[in-house]
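Reminder, nothing fancy here: chain letters follow the sequence lines and each chain counts from 1.
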There are 2 protein chains.
Amino acid sequence: MNQPIRILIVDDHPLLQEGIVMVVEHEPDMQVVGSAATGRESIALCERLQPNLVLMDLRLPDISGIDAMIAIRAKWPTVKVILLTTFAGDAEVNRALKAGAAGYLLKTMPRKQIVESIRQIHAGRRRIDPGVAANLAEHMGLETLSQREVEILKQVAEGNRNKEIAHQFALSEETIKSHMKNILEKLGASDRTQAVSIAVRRGIMQL
Amino acid sequence: MNQPIRILIVDDHPLLQEGIVMVVEHEPDMQVVGSAATGRESIALCERLQPNLVLMDLRLPDISGIDAMIAIRAKWPTVKVILLTTFAGDAEVNRALKAGAAGYLLKTMPRKQIVESIRQIHAGRRRIDPGVAANLAEHMGLETLSQREVEILKQVAEGNRNKEIAHQFALSEETIKSHMKNILEKLGASDRTQAVSIAVRRGIMQL
DNA sequence: CACCCGCTCACTCTTTCGAGGGAGCCTCCA
DNA sequence: TGGAGGCTCCCTCGAAAGAGTGAGCGGGTG
């Protein structure tokens, strides 16, 4: 355990990259081996730099942080990936953890807690930000939308009518209505507009 | 001009604070005199530390960065305030610039451009991130919603029916319909759901 | 002063939504 | 093998939403 933790930073904010470097390099047992600003770059740098641990933002310019993580974990299963982001609804957190994230931290966390979490995660424990965990617990057991339902809800957010959506997907309007009924019930929404609001808040979709 | 630029940082992400400090302290003509994590704290620190320039995030835990800026500019009109944020629709940028922001920068900006912008702004020029400016130009001349309209649209996003909104505001349902008609036209939306989507994207309201 | 604009309200009419039923098909998993 | 759940489709019906049109009031501005 004398080897320092080799960390790769993935974030498209240069200032934040800089901040992480500063905080992490302060710790004798950690070392930043590189920084990437995009998902694809992060995969390439994993190849080259062989980090033990990746600190990854969720929103990246090219592919989502979750997809980048999936790609990295597929090639290098021993690499631990920590999502470090500003906030996310329960849906994103769930997807991240299911996809094998070793941790889910918020950027609002104090420096000390972040380095401590990195240490814990590197030692094999799983860390989830208390705020995120509370949010998760609140939505525990809450149903998530199917792919089809998300597709449809996105169209709804764009102002399409059921009939138009049906036409786009080559389906019957009745089918769309049926999906909408399920969406409203799953999200606990009283109409399509609130359904979009809730879905965005919970990280099920973006606008 | 031998005095360094005294900078106050306002951001609720410790890591980003750290990053700004590192980048800025690298410059001989700049000095970070303090960091605040909330809007109220930023006002208090302005009092104590008398900075020349404030780097302010838009989203803060207590009050919005714009409101904090307004408060600061009211008390210390010579202090220049730069909004430094991840992104915002044209509505937020417009409000910020109207309220006297000296600059509007994005966190995705490279380090060099940020320090250069700080220098320019301190010298009296106004700097707006090219990406933001493009977005602004795109929406130039686009109508904005009145206060009443925003209030109503927020209720719409919560899934309230026209009748319910009318009751809440002690208005006629016909009045709400009339407002909705104006909202749809101003935003170029085909229905209330898309109106909410567009308003959120443009920074007119949050969910 | 006239004018614009935000806010208010009214009436009609068509379209759309969402609630209420039900049903068949598929796949995955216990 | 038997659910469970996702996807598809059908019917009815009342309640909303939105288009169309019109109008009065108050405040601010050229």
Query raised in the report: If you check every side-chain atom of B/Glu174, which of C/dA10, C/dC7, D/dG18 has the closest atom?
Result: C/dA10

Query raised in the report: With a non-hydrogen cut-off below 4.0 angstrom, is A/Lys163 in contact with a base, only sugar-phosphate, or nothing?
Result: sugar-phosphate

Query raised in the report: Between atom CD1 in A/Ile183 and atom C1' in D/dG5, what is the gap in whole Å?
Result: 15 Å

Requested in this report: Take the protein atom CD of B/Gln194 and the nucleotide atom P of D/dG18, then report the distance between them rounded to whole Å.
Outcome: 11 Å

Query - Protein-nucleotide distance (B/Asn162, atom CG; C/dC9, atom P), rounded to Å - result: 13 Å

Query raised in the report: Looking at C/dC7, C/dA19, C/dC9, which one has an atom nearest to any side-chain atom of B/Arg148?
Result: C/dC7

Report task. Classify the nucleic acid contact of A/Thr175 as base, sugar-phosphate or nothing, counting any heavy atom under 4.0 Å across all strands shown. Result -> base

Query - CG on A/Asp12 to OG on A/Ser35, rounded to 0.5 Å - result: 12.0 Å

Requested in this report: Please determine if a side-chain N or O atom of A/Lys186 lies less than 4.0 Å away from the OP1 or OP2 oxygen of D/dG6.
Outcome: yes

Report summary line: Result for 5'-nearest mapping on DNA chain D, choosing between A/Ser146 and B/Met180, is A/Ser146

Requested in this report: Could you check A/Asn160 against A/Ser178 and say which one's nearest nucleotide on DNA chain C is further toward the 5' end?
Outcome: A/Asn160

Requested in this report: Select base, sugar-phosphate, or nothing to describe what A/Asn182 touches, counting heavy atoms under 4.0 Å on all strands.
Outcome: nothing

Query raised in the report: Are any of B/His179's side-chain N or O atoms less than 4.0 Å away from OP1 or OP2 of C/dG6?
Result: no

**Report entry** Separation of C/dC9 P from B/Lys177 NZ (nearest whole Å)
**Finding:** 14 Å

Report task. Provide, to the nearest angstrom, the distance between the NZ atom belonging to A/Lys181 and the P atom belonging to C/dC17. Result -> 14 Å

Query raised in the report: Rounding to a whole Å, what distance do you find between A/Ile165:CD1 and D/dC7:C1'?
Result: 16 Å

Query raised in the report: Between B/Arg161 (CZ) and C/dC17 (P), how many Å, whole number?
Result: 14 Å

Query raised in the report: For D/dA17, does OP1 or OP2 lie under 4.0 Å from any side-chain N or O of A/Arg192?
Result: no

Query raised in the report: Where the side chain of A/Leu171 is concerned, which of C/dG18, C/dC9, D/dT8 is the nearest nucleotide?
Result: D/dT8

Requested in this report: Would you check if there is a donor-acceptor pair between the side chains of B/Asn94 and B/Arg202 at a distance under 3.5 Å?
Outcome: no

Validation: residues 171-185 of chain B side-chain donor-acceptor distances under 3.5 Å, sequence neighbours left out:
from     : atom 1 : to       : atom 2 : distance (Å)
B/Ser172 : OG     : B/Glu174 : N      : 3.0
B/Asn182 : ND2    : B/Ser178 : O      : 3.4

Query raised in the report: With a distance cut-off below 6.0 Å to the six-membered ring centre and an angular limit of 45° from the axis, does A/Arg148 pair with A/Phe169 as a cation-pi contact?
Result: yes

Report summary line: From CD of B/Glu185 across to P of D/dG20 the rounded distance in Å is 10 Å

**Report entry** Any side-chain donor near an acceptor of the partner, A/Gln120 and A/Glu116, under 3.5 Å
**Finding:** yes

